[in-house]
Colleague: 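One structure coming up, written as structure tokens, with questions to follow.
Being a predicted model, the structure only gives us computed values, none of them experimental. These numbers come from the heavy atoms of this one structure, side chains and all, not from hydrogens, waters or symmetry mates.
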Amino acid sequence: RDLDQMPAREFAKARGLPEHPAPMPTRLAEFFVQFLSEVGDLIVDPFGGIATTGRAAEIHNRRWLVTERCRQYIAAAAERFRTCEGFSTS
């Protein structure tokens, strides 16, 4: 299954990560990114988890900054983005 389309909860569970206290469906993140920002805006998520908001921002041509303190989620976010076509690391 394409990791870019896999729901965040399923992605994390498949990697043995502890359940995130606030999982967000990608489509919901996309809705808020589109509704509350313009192309090129900076989206900031201080509680990034596996970077669902960052992925939504990337899809809709927004710049983004996501922070997370749990190393397991950071590693999972990095893996998630490495597998996504068209992902920018800059």
Side-chain angles (χ1 to χ4, degrees):
R1 187 169 182 188
D2 180 15
L3 295 178
D4 191 31
Q5 299 301 317
M6 185 181 292
R9 179 175 279 175
E10 187 177 324
F11 180 89
K13 186 175 182 179
R15 275 135 195 86
L17 295 172
E19 188 165 330
H20 196 276
M24 179 181 294
T26 303
R27 289 182 194 257
L28 182 60
E30 288 185 61
F31 169 79
F32 284 117
V33 164
Q34 288 181 291
F35 184 71
L36 298 171
S37 67
E38 300 291 330
V39 171
D41 281 355
L42 176 64
I43 307 297
V44 178
D45 183 357
F47 309 102
I50 63 170
T52 300
T53 303
R55 182 61 187 144
E58 185 79 19
I59 289 168
H60 295 288
N61 300 310
R62 274 59 165 182
R63 298 172 302 128
W64 54 275
L65 173 66
V66 173
T67 63
E68 176 57 56
R69 67 182 215 152
C70 176
R71 290 178 191 264
Q72 292 173 304
Y73 289 126
I74 294 167
E79 177 186 350
R80 186 180 194 196
F81 279 103
R82 276 193 303 272
T83 64
C84 296
E85 189 173 320
F87 171 64
S88 165
T89 56
S90 56

Colleague: Do side-chain atoms of Glu68 reach the backbone of Gly49 as a donor and acceptor pair under 3.5 angstrom?
Modeller: yes
Colleague: Is there a donor-acceptor pair closer than 3.5 Å between any side-chain N or O of Arg62 and the backbone N or O of Gly40?
Modeller: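 Between the backbone of Gly40 and the side chain of Arg62 there is no qualifying donor-acceptor contact (under 3.5 Å).
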Colleague: Got a sec, which pairs hit ring-ring contact (aromatic ring centres under 6.0 Å, His included) with one end in residues 39-61, sequence neighbours left out?
Modeller: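 Found none.
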Colleague: Is it true that Val39 and Trp64 fall in one hydrophobic cluster, defined by side-chain heavy atoms closer than 4.5 Å?
Modeller: no
Colleague: Please round to the nearest 0.5 Å and tell me the distance separating atom CG of Leu65 and atom CD1 of Ile43.
Modeller: 11.0 Å
Colleague: Just verifying a value: how many Å separate Arg55 CZ and Ile50 CD1, rounded to the nearest 0.5 Å?
Modeller: 12.0 Å
Colleague: Can you give me the closest heavy-atom contact between Thr67 and Pro46, atom names plus distance?
Modeller: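 Looking at all heavy atoms of both residues, the closest pair is OG1-O, 2.8 Å.
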Colleague: For the CD atom of Glu30 and the OG1 atom of Thr52, what is their distance to the nearest 0.5 Å?
Modeller: 10.0 Å
Colleague: Quick check: closest heavy atoms across Phe81 and Gly54, and the distance to 0.1 Å?
Modeller: CZ-C, 3.8 Å
Colleague: Taking only residues two or more places apart in sequence or in another chain, which ones pass side chain to side chain contact (heavy atoms under 4.5 Å, CB included) with Phe32?
Modeller: Leu28, Leu36
